[in-house]
Every structure is written in C-alpha cells, then in structure tokens.
Amino acid sequence: QVQLQESGPGLVKPSQTLSLTCTVSVYSITTSSYYWTCIRQPPGKGLEWMGAIVYYGSTYYSPSLKSHTSISRDTFKNQFSLQLSSVTPENTAVYYCARLELLGLVNSTQNDYWGQGIQVTVSS
C-alpha cells in the first residue's frame with residue numbers, strides 16, 4: 001500500500017520559509033485519481049487543511065494561507081513539497097502529508113493514507 005514520509009527542517013526562524021517534503025513510496029503520485037494533500041495541527045488545536053496538488057498537477061490552497069503557500073511536485077523523485085513563507089510562531093504545528101480521495105477534509109475513506117507527521121517549530 002502507499003506510504004508517505006514527511007521530511008524537512010524541524011526548526012524554522014520567524015520570517016523564513018518553512019519547507020515540507022512528502023516522499024511517496026509504492027504508489028506513483030501521477031496515477032489517478034487522488035489529491036496529494038498537506039495538513040497541519042497546531043498544539044491544542046484541530047486539523048487544518050492547507051492545500052493539495054492533484055495527480056495531474058493542478059494545485060488548490062486554503063484561502064487563508066494562499067498568499068504564503070506553494071505546493072509543487074517532482075514526479076521523477078515521486079515527491080510533493082510545501083513551502084510556507086514569512087512564518088511566525090503561530091505556524092508551529094505537526095505537519096502531515098496525505099493521499100486523500102477527496103479535496104479537503106470533508107470525509108475519510110478507506111483509500112486515504114496519512115504520513116506520521118513531523119513537528120515543525122517556528123522560533124528564534
């Protein structure tokens with residue numbers, strides 16, 4: 001079954017860019033028909049959908065994050081990546097990569113798979 005692994009710096013300074021790389025194994029990110037999705041969970045808060053890149057390359061973003069967020073992919077490496085610019089301590093969270101059958105977090109299906117998440121702290 002598909003496996004997802006998050007990676008990237010665990011500590012980012014304010015005003016810098018947070019980078020999250022999602023490495024996918026077993027399943028190609030170009031195979032129909034899934035949303036390769038980035039989600040985060042700040043301490044003590046709920047899950048926040050950030051954005052997604054579709055298997056054919058189109059991107060979607062949360063309106064509240066769109067101005068600072070970019071999702072891209074490297075099909076040769078079978079990876080997709082999130083960049084969040086101009087971060088503040090409020091961006092501290094556990095960040096997840098996921099393969100979702102639907103756009104957003106409306107429902108969970110048996111075809112949804114999540115990585116284990118990584119802690120990213122924004123601090124000087």
Side-chain angles (χ1 to χ4, degrees):
Q1 61 183 27
V2 62
Q3 298 178 11
L4 298 101
Q5 177 67 58
E6 298 91 346
S7 62
L11 180 64
V12 183
K13 295 182 178 180
S15 81
Q16 300 298 310
T17 297
L18 183 157
S19 297
L20 172 72
T21 296
C22 308
T23 300
V24 180
S25 301
V26 181
Y27 195 95
S28 173
I29 63 173
T30 64
T31 299
S32 61
S33 304
Y34 293 99
Y35 298 95
W36 301 95
T37 305
C38 297
I39 307 104
R40 68 180 180 183
Q41 185 170 34
K45 300 181 180 179
L47 296 169
E48 180 183 18
W49 182 86
M50 302 184 70
I53 186 164
V54 193
Y55 70 97
Y56 54 84
S58 294
T59 53
Y60 298 88
Y61 301 102
S62 169
S64 64
L65 301 174
K66 183 164 58 179
S67 63
H68 298 289
T69 306
S70 178
I71 298 176
S72 59
R73 66 178 182 170
D74 186 328
T75 58
F76 182 77
K77 295 181 179 179
N78 210 40
Q79 295 177 331
F80 63 103
S81 300
L82 168 78
Q83 293 80 46
L84 183 66
S85 65
S86 303
V87 298
T88 70
E90 286 70 40
N91 296 126
T92 295
V94 176
Y95 285 76
Y96 297 93
C97 309
R99 188 196 76 176
L100 303 182
E101 197 168 25
L102 302 174
L103 184 63
L105 295 174
V106 178
N107 288 304
S108 297
T109 78
Q110 294 190 58
N111 292 320
D112 291 348
Y113 289 91
W114 293 55
Q116 78 282 1
I118 58 168
Q119 173 70 43
V120 181
T121 300
V122 179
S123 176
S124 61

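Using a 4.5 Å cut-off on side-chain heavy atoms (C-beta onward), N107 and E101 make no contact. In this structure the side chain of R40 never reaches within 4.5 angstrom of the side chain of V120, judged on heavy atoms. Put simply, the side chain of S62 does not reach to within 4.5 Å of the side chain of M50, judged on heavy atoms. P14 has its side chain out of reach of T88: every pair of non-hydrogen atoms, C-beta onward, lies at least 4.5 Å apart. Residues S123 and L11 form a side-chain contact, since some pair of their non-hydrogen atoms from C-beta on lies under 4.5 Å apart. The side-chain heavy atoms of Y34 and I29, taken from C-beta on, include no pair separated by under 4.5 Å. Residues Y60 and V54 are in side-chain contact: their nearest non-hydrogen atoms beyond the backbone lie under 4.5 Å apart. Residues Q119 and T92 have side chains in contact (heavy-atom distance under 4.5 Å, counting atoms from C-beta outward).
Shown are K77, Q3, Q79, E6; of these, the side-chain contact (heavy atoms from CB on, under 4.5 Å) with T23 is made only by Q79.
Rounding to the nearest 0.5 angstrom, the gap separating the CG atom in L82 from the CD1 atom in I53 is 11.0 Å. Within the model, atoms CG of L102 and CG of N111 stand 10.0 Å from one another, a figure rounded to the nearest 0.5 Å. Separating the CG atom in D112 from the OH atom in Y35 is a distance of 12.0 Å, to the nearest 0.5 Å. Put simply, CH2 on W36 and CD1 on I71 are 13.0 Å apart, with the number rounded to the nearest 0.5 Å. Note that the OG atom of S70 and the CG atom of L65 stand 12.5 Å from one another [nearest 0.5 Å]. Distance check: W49 CH2 to L103 CG gives 5.0 Å after rounding to the nearest 0.5 Å.
Closest non-hydrogen pair, T21 versus S81, comes out as OG1-OG, 3.5 Å. Contact between N78 and S28 at its shortest, heavy atoms only, is OD1-CA, 3.5 Å. In terms of heavy atoms, A52 sits closest to T37 at CB-OG1, 3.6 Å. Counting all heavy atoms, side chain and backbone alike, L20 lies closest to Y95 at CD2-CB, 3.9 Å. For the residue pair C38 and F80, the shortest heavy atom distance occurs at SG-CE1, 4.0 Å. In terms of heavy-atom proximity, V87 sits nearest to K13 at CG2-O, 3.6 Å.
Hydrophobic clustering, with ILVMFWY side chains joined whenever heavy atoms are under 4.5 angstrom apart, keeps Y61 apart from V106. Y96 and V26 are assigned to two separate hydrophobic clusters, defined by single-linkage of ILVMFWY side chains at heavy-atom distances under 4.5 Å.
Cys pair C22/C97: SG-SG separation is below 2.5 Å.
Aromatic rings of Y113 and Y27 (six-membered ring for Trp) have centroids beyond the 6.0 Å cut-off, not under it.
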